[in-house]
Amino acid sequence: MFTDEAEVWYGISQFNVLAHNVSIPGLSPLFPEVHCTRDGTICQLTIGEGEINAASSIAALVHSPKTSLERTYFLIAGIAGINPKVATIGSVTFARYAVQVALQFEIDAREIPADFPTGYFPQGTTAPGQFPTDIYGTEVFEVNEQLRQRAFAAAQKATLFDTAAAEQMRMQYAASPIFALANANGSSVVLCDTATSDTFWSGALLGDAFENTTKVFTNQAGVYCTTQQEDNATLNALLRGALSSLVDFSRIIVMRSASNFDRPPPGVSAVDHLLGPAPGFEPAILNLHLAGVKVVKMIVDGWFETFEEGIRPKNYVGDIFGSLGGHPDFVPESIF
């Protein structure tokens with residue numbers, strides 16, 4: 001999504017994505033080229049930050065006459081905030097669901113009704129906790145669970161990077177039992193889901209609100225752990241490509257590493273936490289490569305034996321509309 005996430009893949013021993021560079025019209029002005037290995041087996045695109053940049057860059061990539069992506073695997077690799085109830089900074093996560101949590105009504109917290117736990121509630125509803133009835137189509141995306149499990153297993157073989165500063169930050173959460181996983185012994189690889197919003201939020205109230213949104217939008221199946229600004233936009237552009245037979249939507253992996261907690265430890269205000277030091281940033285950036293390269297190598301090395309024909313999903317794959325066929329398992333029957 002941005003320079004630090006990109007550069008961690010340059011100058012590595014496993015492969016050289018700077019050997020062949022291709023300019024594609026419509027990409028971000030900051031990142032106008034796709035970087036590839038000499039034979040084009042592995043390529044990297046930096047899409048720019050935020051939902052608009054993500055959707056625009058991926059759409060330009062998918063519909064460019066310079067690309068042929070029908071059998072391409074996509075690894076979304078970026079840093080994110082982390083829910084301290086679920087995991088800790090430095091960890092690497094793989095999502096099944098991506099939820100656009102900000103696609104809701106919003107009332108300023110100073111004006112919400114007394115019985116509302118939050119100022120956010122789904123569009124077409126009258127209160128928090130109800131499934132949306134005014135649906136745009138980008139609220140939830142579900143990716144291939146069988147591929148996700150393979151990526152998770154591959155990433156677990158990585159030795160993740162950590163720092164003393166990150167460990168000290170984790171210890172601040174030890175006073176609260178609900179944050180036991182935040183104070184875990186170092187970073188790890190975790191299966192949990194991701195929340196998309198252009199707004200970079202901080203604090204327990206918003207964290208709890210969007211944790212609830214993730215549950216509601218996925219019919220209680222989603223586990224909210226990471227917060228980021230692009231994934232639903234990226235996935236929607238890829239889904240549009242799949243509808244044009246330009247992309248195989250079952251070949252997408254959503255990987256996010258944890259750079260910061262989404263809420264403060266006990267005794268620290270939300271604003272001080274947001275504006276304070278971020279010791280998880282360095283391990284999160286480095287762990288994108290350390291874990292991600294295991295996933296890339298798994299696909300490349302196992303191409304002819306396993307991945308060329310694709311990993312058949314056993315779960316529903318696609319958007320909230322069922323655009324690619326099948327019935328979204330996270331949508332109540334009453335909605336459609």
Side-chain angles (χ1 to χ4, degrees), residues 1-2 5 47 49-51 53-55 58 74-104 120 137-145 147-149 151-152 155 181-182 187-202 206-239 249 252-263 280 284-285 287-288 291-292 295 315-320 328-330:
M1 271 49 77
F2 63 98
E5 292 175 345
I47 61 177
E49 296 172 271
E51 294 178 72
N53 278 325
I58 295 297
F74 294 88
L75 173 64
I76 298 174
I79 64 172
I82 194 76
N83 178 0
K85 296 179 182 178
V86 179
T88 194
I89 51 175
S91 295
V92 176
T93 72
F94 291 90
R96 175 171 175 169
Y97 299 101
V99 181
Q100 192 177 8
V101 295
L103 196 54
Q104 302 190 74
Y120 287 91
T138 60
E139 287 83 355
V140 183
F141 293 95
E142 185 173 353
V143 299
N144 186 339
E145 176 65 9
L147 179 59
R148 177 198 187 210
Q149 291 289 344
F152 172 70
L181 293 174
S187 52
S188 60
V189 182
V190 183
L191 294 172
C192 55
D193 301 304
T194 194
T196 300
S197 171
D198 270 333
T199 300
F200 193 126
W201 72 79
S202 177
L206 288 177
D208 286 344
F210 295 135
E211 178 180 348
N212 183 62
T213 298
T214 300
K215 291 180 180 179
V216 170
F217 280 22
T218 62
N219 199 23
Q220 305 300 310
V223 178
Y224 157 72
C225 73
T226 59
T227 75
Q228 41 68 36
Q229 296 177 296
E230 297 88 14
D231 288 357
N232 281 63
T234 298
L235 292 168
N236 193 53
L238 290 171
L239 183 127
F249 199 81
I252 300 171
I253 300 165
V254 181
M255 181 182 76
R256 288 280 177 171
S257 60
S259 61
N260 59 279
F261 289 111
D262 74 341
R263 67 200 76 188
I285 289 289
N287 288 340
L288 282 179
V295 178
N315 61 301
Y316 169 79
V317 171
D319 64 356
I320 196 170
D329 50 10
F330 49 83

Q | Nearest-0.5 Å distance that lies between atom CZ in F94 and atom CD in E145 | A | 12.0 Å
(Q) Let's go through E51 and Q100 carefully: what are the C-alpha distance in whole Å and the side-chain angles of both, what is the deciding distance for side chain to side chain contact (heavy atoms under 4.5 Å, CB included) to 0.1 Å, and is it a yes or a no? (A) CA-CA 10 Å; E51 294 178 72; Q100 192 177 8; 2.9 Å; yes
**Q.** Side-chain donor or acceptor of N232 paired with backbone N/O of T138 under 3.5 Å
**A.** yes
Q) Between N236 and A55, is there a donor-acceptor pair closer than 3.5 Å when you use the side chain of the first and the backbone of the second? A) no
Q | Exercise: identify the closest heavy-atom pair between A155 and V189 | A | O-CG2, 3.7 Å
Q: Would you mind reporting whether T194 and T93 have side-chain heavy atoms less than 4.5 Å apart?
A: no
(Q) Looking at A102, is its backbone amide N or carbonyl O close enough to the side chain of Q104 to form a donor-acceptor pair, meaning the two atoms are under 3.5 Å apart? (A) no
Q. Would you say the side chain of T227 lies within less than 4.5 Å of the side chain of R256, judging by non-hydrogen atoms?
A. no
Q | N/O donor-acceptor pair under 3.5 Å between N315 side chain and V143 backbone | A | yes
Q. Which heavy-atom pair separates G137 from D319 by the least distance, and what is that distance?
A. O-CB, 3.7 Å
Q.
Just verifying a value: how many Å separate L239 CG and I58 CD1, rounded to the nearest 0.5 Å?
A. 13.0 Å
Q.
Nearest 0.5 angstrom please: S188 OG to L181 CG, how far?
A. 8.5 Å
Q | Closest non-hydrogen atom pair, G222 against K215 | A | O-CG, 4.0 Å
**Q.** Min side-chain heavy-atom separation E230-I76 under 4.5 Å
**A.** no
Q: Go through the steps for R96 and V223 under the test side chain to side chain contact (heavy atoms under 4.5 Å, CB included), then give the verdict.
A: CA-CA 9 Å; R96 175 171 175 169; V223 178; over 6 Å; no
**Q.** Sub-4.5 Å side-chain heavy-atom contact between S187 and I89
**A.** no
Q. Ignoring hydrogens and geometry, is there a side-chain-to-backbone donor-acceptor pair from E5 to I79 under 3.5 Å?
A. yes
Q.
Taking the side chain as everything from C-beta on, heavy atoms only, tell me whether S257 gets closer than 4.5 Å to I285.
A. no
**Q.** Distance in Å, T214 OG1 paired with Q220 CD, rounded so as to fall on 0.5 Å steps
**A.** 10.5 Å
Q.
I need the minimum non-hydrogen distance between D198 and G50, along with the two atoms involved.
A. OD1-CA, 3.4 Å
Q: Start with the C-alpha distance between V216 and N212, add both sets of side-chain angles, then the distance that settles side chain to side chain contact (heavy atoms under 4.5 Å, CB included), and finish with yes or no.
A: CA-CA 6 Å; V216 170; N212 183 62; 4.0 Å; yes
Q. Are F210 and Y120 close enough that their ring centres sit under 6.0 Å apart?
A. yes
**Q.** N/O donor-acceptor pair under 3.5 Å between S259 side chain and A80 backbone
**A.** yes
Q.
Looking at T199, is its backbone amide N or carbonyl O close enough to the side chain of S197 to form a donor-acceptor pair, meaning the two atoms are under 3.5 Å apart?
A. yes
(Q) So does Y224 get a backbone contact from the side chain of N83, meaning a donor-acceptor N/O pair under 3.5 Å? (A) yes
(Q) Using 30° and 60° as the class boundaries, would you call the ring planes of F141 and F249 parallel, tilted or perpendicular? (A) tilted
Q) Less than 4.0 Å between a side-chain N and a carboxylate O, is that true for R148 and E142? A) no
(Q) Run D208 and K85 through side chain to side chain contact (heavy atoms under 4.5 Å, CB included) and show every step you take. (A) CA-CA 10 Å; D208 286 344; K85 296 179 182 178; 3.1 Å; yes
(Q) Using every non-hydrogen atom in the two residues, find where A54 and T234 come nearest and quote the distance to one decimal. (A) CB-OG1, 3.5 Å
**Q.** Check: I320 and F330 side chains under 4.5 Å, non-hydrogen atoms
**A.** yes
Q) If you look at every heavy atom in M1 and G78, which pair is closest and at what distance? A) CE-CA, 3.6 Å
Q: Could you walk me through whether Q228 and T196 pass side chain to side chain donor-acceptor pair (under 3.5 Å), step by step?
A: CA-CA 5 Å; Q228 41 68 36; T196 300; 2.7 Å; yes
Q) Side chains of T88 and F261: closer than 4.5 Å at any heavy-atom pair? A) yes
Q: Keeping the roles fixed (side chain from S91, backbone from A258), state whether a donor-acceptor pair exists under 3.5 Å.
A: no
(Q) For the backbone of Y97 and the side chain of D193, can you confirm whether one donor and one acceptor N or O come within less than 3.5 Å of each other? (A) yes
